[in-house]
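Beneath this line is the structure, given in structure tokens, with notes to follow.
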Amino acid sequence: MTEAIDAAGVAALADLPLDWRFKGLPTSWWGRTPAQVCAAAPNLRDAGALGPVCVLRDEALSRNGETMARWCRDRGVELAPHGKTHMSPQLLARQFASGACAVTVATVSQARAYRAFGVREVIVANEVVDGWALRWIDAESTADPDFTVLCWVDSVEGVEQMAAHLGGSSRPVDVCVEIGLAGGRTGCRGAAAVDAVARAVVACPALRLVGVAGYEAALDHDITPDALARVTAYLAELRSATERLADLFETDTVVVTAGGSTYFDAVADELAIGSVAGRTVRTIIRSGCYLTHDHGLYARTSPLRDGLRPAMEVWAQVMSRPEPDLALLTMGRRDVSFDQGMPVPLGVDGTVTKLNDQHAYLKLGSDGQSAVGVGSWLRFGISHPCTTFDKWQMIPVLDDDDRVVELIRTFF
Ligand SMILES: Cc1ncc(COP(=O)(O)O)c(C=O)c1O
């Protein structure tokens, strides 16, 4: 069987020499390859990391991968992790190794990046109406019968545009009808629109209707009873669309896909239905953030928050202590996410109150004031992995003694 990702291509990333492009990494590593660096397993601080530097924890990554894989097996769902979270073929290879069935992406550029590493199964979680993008999909699928792209559609107009761009392609592109939420993002609003789009796909030889898709967290990540009731009602719409469209699907194996990292338990509850009208149903969740988890948004909202461990930290140095309860750090909006909450100081009494481009303002509690001086290094947990990953092109993975065991390349 062809491998899910080109292991040799991924391994070859460890042979590309390091240099000044990779912020935070020790200058002494320039000219050496990740393979050479990791062979010596240096302690990151002793090796000369500059602040700020983003790191991943190996033990937490492995644990989270296994925890999620076990959960998916137990709940009868498959996992196509969202690859936009990390844009890292090495992390995706870990996810495939623990049983992921495909990668999810938001754009065809992201699909191309993973395809460069031989990925065969891609879910593009959007309608694609760009002719160049569709022709790329068509050319890749024609050249490699093992390459499968599944896109979403949410309008008859979109279906018509896709059909026009795909013209006389030899192999139809698989599509799911996307169900939307009032006030939310993309996706058909209401059953009549869903059915019209599904019928338009069936009438179009360039497309093949294989299922139903949605994203239940488009409105928020709230886990109050009211919010959970809204999510459940939305997922019930996906379920009834699956049942209603059962005879229209152009495959015996129907795909039903929903589920980011906050509500995947509700997705399993509502959508792991096994079969519909004699056809097998594959229920695919698309969580991206479970792998690193975090100290903020997902620490509060993940259904597996008691089992997952935060794997991502940003380390920074105190550059100034201008007031008794204030420390300024070498870490700013260029280095760490701030869209879903501020970084969380680890092991020090304080709160990050503000970020500039290149500075963090740490308000210190009384214990922190005595412990933190100019030059101190502090560790921070993050809230929302996606918007921290995209600020780093090379991220050291550390063992429990802060020794570097892998260097993870990202491609944003
Ligand atoms: C369509 C879609 N699916 C899945 C996900 C993954 O969710 P999460 O980032 O919570 O892991 C996202 C995230 O934005 C998304 O937009």
Side-chain angles (χ1 to χ4, degrees), residues 61 64-65 67-69 71-72 77-88 91-92 94-95 100-111 114 121-128 149-154 175-181 184-188 211-223 227-228 231 234-235 238 255-268 271 283-305 307-308 310-312 337 339-341 382-390 410 412:
L61 288 176
N64 296 346
T67 302
M68 189 63 161
W71 186 89
C72 289
V77 300
E78 295 177 70
L79 173 63
H82 210 313
K84 58 108 191 194
T85 298
H86 51 62
M87 287 307 295
S88 164
L91 292 179
L92 182 62
R94 286 183 182 232
Q95 292 172 306
C101 65
V103 67
T104 299
V105 294
T107 68
V108 174
S109 288
Q110 293 174 352
Y114 285 117
E121 302 280 341
V122 179
I123 296 176
V124 180
N126 271 312
E127 186 167 74
V128 180
V149 175
L150 169 62
C151 307
W152 298 0
V153 287
D154 77 351
V175 295
C176 283
V177 182
E178 183 187 355
I179 317 291
L181 263 160
R185 205 166 66 184
T186 51
C188 300
V212 165
Y215 182 50
E216 70 295 332
L219 286 182
D220 55 38
H221 290 76
D222 194 350
I223 54 165
L228 290 173
V231 165
Y234 168 68
L235 294 170
L238 262 80
V255 171
V256 178
T257 177
S261 297
T262 293
Y263 304 112
F264 52 80
D265 55 345
V267 173
L271 298 177
T283 305
I284 304 179
I285 63 169
R286 305 184 307 271
S287 174
C289 294
Y290 77 91
L291 185 65
T292 60
H293 196 54
D294 70 10
H295 285 88
L297 176 65
Y298 295 103
R300 289 191 302 277
T301 67
S302 168
L304 289 177
R305 54 191 174 274
L308 301 178
M312 192 171 219
S337 41
D339 56 318
Q340 296 282 1
I382 60 104
S383 178
H384 197 192
C386 303
T387 45
T388 297
F389 267 116
D390 62 13
T410 65
F412 286 96

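Order of listing sets the numbers, starting from 1, for every ligand and every atom in it.
Here's the thing with Lys84: one of its N/O atoms is less than 3.5 angstrom from an N/O atom of ligand 1. For a threshold of 3.5 Å applied to N or O pairs, the pair formed by Cys289 and ligand 1 contains at least one separation below that value. Backbone and side-chain nitrogen or oxygen atoms of Thr85 are examined, and none is located within less than 3.5 angstrom of a nitrogen or oxygen of ligand 1. At under 3.5 Å, a nitrogen or oxygen of Gly288, whether backbone or side chain, sits near a nitrogen or oxygen of ligand 1.
Taking all atoms of both residues into account, the shortest heavy-atom contact from Gly260 to Ser287 is O-CB, 3.6 Å.
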### Task
List the steps and the verdict of ring pair (Phe, Tyr, Trp, His ring centres under 6.0 Å) for Trp71 and Phe264.
CA-CA 10 Å; Trp71 186 89; Phe264 52 80; 4.9 Å; yes

### Task
Any chance you could lay out the side-chain hydrogen bond (donor to acceptor under 3.5 Å, both in side chains) test for Thr387 and Asp339, step after step, and finish with the verdict?
CA-CA 8 Å; Thr387 45; Asp339 56 318; 2.7 Å; yes

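When hydrogens are left out, the protein atom nearest atom 7 (O) of ligand 1 is Gly260 CA, 3.2 Å; that is the closest non-hydrogen contact. With respect to atom 11 (O) of ligand 1, the closest heavy atom belonging to the protein is Ser261 OG, 2.5 Å. Here the protein heavy atom with the shortest distance to atom 6 (C) of ligand 1 is Arg286 O, 3.6 Å. Protein heavy atom closest to atom 4 (C) of ligand 1, with residue, atom name and distance, is His82 CD2, 3.5 Å.
The Arg185 neighbourhood of ligand 1 comprises atoms 1 (C), 15 (C), 16 (O), with distances under 4.0 Å to a heavy atom of that residue. Atoms of ligand 1 found under 4.0 Å from any heavy atom of Tyr298 (numbered from 1 in listed order, with element): 8 (P), 9 (O), 10 (O).
With values rounded to the nearest 0.5 angstrom, Thr67 atom OG1 is found 7.0 Å from Leu304 atom CG.
Using a distance-only test at 3.5 Å, with no hydrogens or angles considered, no donor-acceptor pair links the side chain of Tyr298 to the main chain of Pro310. Put simply, the side chain of Asp294 gets close to the backbone of His384: a donor and an acceptor are under 3.5 Å apart. When atom types are taken as modelled, the side chain of Glu127 and the backbone of Asp154 share a donor-acceptor pair closer than 3.5 angstrom. Not one N or O on the side chain of Thr262 forms a donor-acceptor pair closer than 3.5 Å with the backbone of Thr301.
With a 4.5 Å cut-off on side-chain heavy atoms, Arg305 and Ile223 count as touching.
When the heavy atoms of Phe264, Tyr215, Trp152 are ranked by distance to atom 2 (C) of ligand 1, first place goes to Tyr215.
In this structure, His384 has no heavy atom closer than 4.0 Å to ligand 1. Residue contact annotation: Ser287 has a non-hydrogen atom under 4.0 Å from ligand 1.
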